[in-house]
Q: 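Here's a structure for you.
A note on names: the letters A, B, ... follow the listed sequences, proteins ahead of strands, and every chain is numbered from 1.
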Protein chains: 2
Amino acid sequence: MFAQNGYTGTSVADIAARADIGKGTIYEYFNSKEDLFFAVFEWYCKKTGAAVTVSISVLGASAAQRLDALNGSLMSLWDEIKDVFVLVMEFWAAASSSKMRQRFQIAFKQLYQDFRRIVSDLIVDGISRGEFREDIDPEAVAAALVGTWDALFLQAWFDPIFDPLEISQKFLAVVIQGLKKS
Amino acid sequence: MFAQNGYTGTSVADIAARADIGKGTIYEYFNSKEDLFFAVFEWYCKKTGAAVTVSISVLGASAAQRLDALNGSLMSLWDEIKDVFVLVMEFWAAASSSKMRQRFQIAFKQLYQDFRRIVSDLIVDGISRGEFREDIDPEAVAAALVGTWDALFLQAWFDPIFDPLEISQKFLAVVIQGLKKS
DNA sequence: TTCTGTTGACTGACCAGTCGGTCATTTATT
DNA sequence: AATAAATGACCGACTGGTCAGTCAACAGAA
């Protein structure tokens, strides 16, 4: 319901009705509407986090191939994420609103850090294998790539024509070309 | 005030008080709170749009140099945008909320399209100059780059340590390396 | 009977938008 | 120049409505 109508657009009564329980019951399990919302956020983080860790476990392949696999599995999530993606925007907004700022901001920072870490490890691996150039900054590339994925979803959300998988594959090819030793 | 407390966190009465005018006066100029908010959005679009068009007017330079210039002037905006960036998140959320969806969604789609166009023109120019490879998709690279810039701001917002200018410069170097004819 | 879990009516706070009215400035009249 | 009439920007008290959170009461199990 948060995904459909946003945080403020969803009342606790609505949620209770949809869940076929009384409003009071919700307060048996959550201290506040905000707590409930944060729980949804944590659920969402766990869900997407799982998708990432699974996809890079393709060991043995080259770093470039693994980057591509990660990209592919992330971007192909789009179709099933599409409807829930609004939630992410709601979370961003929540992190920016002064009331809930603290917890969401910390959680997001952590989330991005973890994600960047995974990607940068992958790149470091590529360097030590002699596959990628030594003069690149793995952290920087990781941060930018993570950002790109995020933002492609965002653009796709605004524009139904936009195909994040195709775009990201073509772009990643360029990036990998730039990473490789020439 | 929207940047400080978000859309729902800001009451029209608050705005009136801050502006030292009566609440009724606001309704002389705007039909609704939503209209007022959309006006802020349009103001913001104009502001950032100007920053972009100025920075790519550095003609004569190579496509790579111009890309770098665009990147630099965008990312160095961060310090002055930092405090207002929350607005963007508010706008995203607004675009996702069912009530205001239409206008914000259309505006964002347009905004991204325009921005992608600028960057892709720059890349196409690089190709026709023989500077960049012919087998790349300018649209895709442009879309991804635009996204990356957006997302670096986002990450920077969550993490004060994060330096979007440095990261983007290092990343762009890799991308340009991948774009160039080898 | 007691305990556990559930419920929805109720409350108090909040808030967008309205509307009747004020008053400084401008325009018309004498 | 002096006076009167018209204007419209400005105001804030008020209305109608929403909603998060509470709590007294209820139902079912043990």
Q: If I take atom CG in residue L36(A) and atom C1' in nucleotide dG21(D), what distance separates them, rounded to the nearest angstrom?
A: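 Distance, rounded to whole Å: 13 Å.
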Q: Using 4.0 Å as the upper bound for N to carboxylate O, is an ion pair formed by K46(A) and E42(A)?
A: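 A salt bridge is absent here (no side-chain N lies under 4.0 Å from a carboxylate O).
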Q: Please classify the nucleic acid contact of Y29(B) as base, sugar-phosphate, or nothing, using heavy-atom distances under 4.0 Å.
A: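 Touches sugar-phosphate only.
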Q: Within 45° of the ring axis of F104(A) and under 6.0 Å from its six-membered ring centre, is that where the NZ or CZ of K109(A) lies?
A: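 Relative to the ring axis of F104(A), which defines the angle, K109(A) lies outside at least one limit.
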Q: Could you check how far CZ of F37(A) sits from P of dA20(D), rounded to whole Å?
A: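 Rounding to the nearest Å, CZ of F37(A) and P of dA20(D) are 13 Å apart.
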Q: Would a line drawn from the ring center of F38(A) to the ring center of F41(A) be shorter than 6.0 Å?
A: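 Aromatic pair counts; centres sit under 6.0 Å.
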Q: Taking the six-membered ring for Trp, is the centroid-to-centroid distance between F108(B) and W157(A) below 6.0 Å?
A: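 No; W157(A) has its ring centre 6.0 Å or more from that of F108(B).
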Q: At under 4.0 Å between heavy atoms, which parts of nucleotides 10-23 of chain C does protein reach? Answer with one letter per nucleotide, 5' to 3': B base, S sugar-phosphate only, - none.
A: ------BBB-----
Q: Does a side-chain heavy-atom distance below 4.5 Å link R117(B) with Q113(B)?
A: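 Not in contact.
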Q: Does F91(A) have its ring centroid less than 6.0 Å away from the ring centroid of F37(A)?
A: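 When the ring centroids of F91(A) and F37(A) are compared, they turn out to be within the sub-6.0 Å range.
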Q: Mind calculating the distance between CG (D20(B)) and P (dG12(D)) to the nearest angstrom?
A: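 Atom CG in D20(B) sits about 10 Å away from atom P in dG12(D).
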Q: Please check the phosphate of dA9(D) (OP1 and OP2 only) for any side-chain N or O of T25(B) closer than 4.0 Å.
A: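 The answer is no; no side-chain N or O of T25(B) sits under 4.0 Å from OP1 or OP2.
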